[in-house]
Structure formats: C-alpha cells, structure tokens
Amino acid sequence: MTLNKEVQNETLEQGLEGFRETAAVKTISFEKFHDRSHFWGRLTIWAVILLSLALPLYLSYGLGFHPGWSAILSGFLAYAAVVGVLWFVEPISYYPILGISGTYLAFLTGNIGNMCLPAASIAQSAVGVEPGTKKGELTATLAMAAASIVNIVMLLFIVLGGSYVVTLLPQSVVDSLVFVLPAIFGGLIAQLAMQKPLWGVIGIALALAVNLGPVPTSLKAFCCIFGLVIICLLLEKLKKTKEIA
C-alpha cells in the first residue's frame, strides 16, 4: 500500500514537472509580445486597408462608376476638415490606456470611444491595475477582445433582425437611443473623476467652455484633450512644489 502511494506521488510529481516545463516554454517576454503585436497589428490593419479600398476600386475601374477625382478630393477635404485632427489626437491620447497591443486592436475593430476605451478602462478598474503598466495593457487588450467578440455576435443578430425589432419598439424608446453614447461617456467620466475629483471638475468645465465658445469643430476634441492634460500636469507640478517647500 505504501509502495503504491509512493508510485502515485512520483507520477504526480513528474506530471507537475512536465506541466512546469510546458508553461515555461510557452512563456514569452513582454518585449517579444510587443514584437508579435507589431507584426500582427501591422499585417491585419494593412489587410483591412486593402480590403476597404478593393470595393471602391472595383466599382470605379471594374464597373466604370468612377465619380471623378475632383469629387473625391472635395469630399476628402470636407471630411478631413472636421475629423482630420483626430487622426493624430486619438492614437496619442488613447495610447496610455490601451498600450501597444491594445492600440492595434482598437483601431482594427473600431468603436474606440464608445466600446473599446470604456471596456478597457472599466476592466482595469475592476482588476485594480493602473493604465500605462504591463498588467494594464494586457487587461485592456483582453477586455477589448472580449468586447469585440460580443459586438460581432450582437451585430449578427442586429443585422439579421434588428430593423424588425426596432419597428416593434415604442417611438419614445427609439428616440431615447440617442442618449446611449452620452450615457456611456458620462459613466466613464464619473468613474475616472472618482479617483481625481478636481480633474473631473476641470475636464467638465473645460469641455463646456470649448463647446460653448468660438472654437472650430475640428479643434474641439484637440483643445479638450490636450488642454486638460496640460492643466492637470501644471496642477500636479504646483502641488509637488508646495509639498517640497
């Protein structure tokens, strides 16, 4: 009986040792993880860009429905005048929360402001990790991956039967759907403002001043984001100066 127990313990120890060796082999460094993120991120984003251009190119040159370069250029300039600044602001402002892998995933799946960023921020808060850290990046990436899967599954049902379901809803409910996105941002602001109440007050005040003031639409997001960052950095610097003094 004792011999059988010793054999079982030895077998169990060998199994655990094999598991440890397998786990060690599968473990990679964070730098290697970033290298793979760059490789797959660039590959998938370029693939999406090429696929996005394939249809208009086919319609233009394959079927002969090219609208003319003047119409394309005027439409591009009109669109860029409104959101062009976000092409530079969003990657910079979202990176501290999303990290390298999260940034690739967010810009690949889209819906950054109303899905990816809230999912990442809430997951980091639930786990108890800080944005900008290794754990924070991994948490954000996993949260956005899960949110993207749920989004795709829900979209399948919505695309197949969503229009019919909307027709069954009362008009008051349909009209209230426009408040979904502001509610998401409101909850996100409240969550972050609980950690730094003063920053939350400054952010809301700055947003009101920018939106009510004579600021061009294309620069509103830029002024809100970078203005708040600069003000908060100055306040933190002033606070540290007073503590030292």
Side-chain angles (χ1 to χ4, degrees), residues 79-100 102-103 105-107 109-133 135-137 139-144 146-148 150-151 172-245:
Y79 181 75
V82 178
V83 300
V85 67
L86 298 180
W87 300 340
F88 305 95
V89 172
E90 286 187 345
I92 298 174
S93 58
Y94 293 158
Y95 174 78
I97 297 179
L98 305 181
I100 292 177
T103 299
L105 181 60
F107 282 90
T109 59
N111 295 323
I112 302 177
N114 58 355
M115 184 186 73
C116 292
L117 193 63
S121 178
I122 292 172
Q124 290 172 344
S125 177
V127 176
V129 296
E130 291 292 331
T133 62
K135 291 183 179 180
E137 178 178 342
T139 302
T141 303
L142 292 173
M144 288 187 294
S148 299
V150 174
N151 183 48
S172 59
V173 176
V174 176
D175 295 338
S176 65
L177 294 179
V178 298
F179 298 105
V180 172
L181 184 58
I184 293 175
F185 279 109
L188 185 61
I189 292 173
Q191 176 188 344
L192 298 176
M194 289 176 63
Q195 302 175 7
K196 297 283 186 178
L198 180 60
W199 292 10
V201 173
I202 295 174
I204 295 174
L206 180 62
L208 289 173
V210 170
N211 283 276
L212 297 178
V215 180
T217 304
S218 59
L219 296 178
K220 287 183 177 180
F222 176 83
C223 293
C224 287
I225 294 174
F226 282 93
L228 180 60
V229 170
I230 292 173
I231 293 174
C232 292
L233 286 176
L234 291 176
L235 288 175
E236 286 296 309
K237 185 176 180 180
L238 181 62
K239 181 180 178 180
K240 290 181 180 179
T241 303
K242 289 183 178 180
E243 290 177 352
I244 296 174

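Heads up: numbering here begins at 1 and tracks the sequence.
In this structure, S148 OG and N111 CG are separated by 8.0 Å, a value rounded to the nearest 0.5 Å. To the nearest 0.5 angstrom, C223 atom SG is 12.0 Å from L228 atom CG. One distance of note links OG1 of T139 with CD of E137; it measures 10.0 Å at 0.5 Å rounding. The CE atom of M115 sits 4.5 Å away from atom CG of N151, with the distance rounded to the nearest 0.5 Å.
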Below 3.5 Å, can you tabulate the donor-acceptor pairs from side chains in residues 199-211 to any protein atom, sequence neighbours excluded?
{"residue": "N211", "atom": "ND2", "partner": "A207", "partner atom": "O", "Å": "2.7"}

Counting only pairs under 3.5 Å, give me each side-chain donor-acceptor contact of residues 119-133, with atom names and distances, residues two or more places apart or in other chains.
{"residue": "Q124", "atom": "NE2", "partner": "I97", "partner atom": "O", "Å": "3.1"}
{"residue": "Q124", "atom": "NE2", "partner": "G136", "partner atom": "O", "Å": "2.8"}
{"residue": "S125", "atom": "OG", "partner": "Q191", "partner atom": "NE2", "Å": "3.3"}
{"residue": "T133", "atom": "OG1", "partner": "E130", "partner atom": "O", "Å": "2.6"}
{"residue": "T133", "atom": "OG1", "partner": "G136", "partner atom": "N", "Å": "3.0"}

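Remark: T141 pairs with S101 by the side chain to side chain donor-acceptor pair (under 3.5 Å) rule, at least two apart or across chains.
I112 and A106 get closest at one heavy-atom pair: CG1-O, 3.6 Å.
Annotation: side chain to side chain donor-acceptor pair (under 3.5 Å) contacts involving residues 174-188, sequence neighbours excluded, comprise Q171-D175.
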(message) Checking Y94 against T103 for the side chain to side chain contact (heavy atoms under 4.5 Å, CB included) test, could you report, in this order, the C-alpha distance in whole Å, the side-chain angles of both residues, the deciding distance, and whether it holds?
(response) CA-CA 7 Å; Y94 293 158; T103 299; 5.8 Å; no

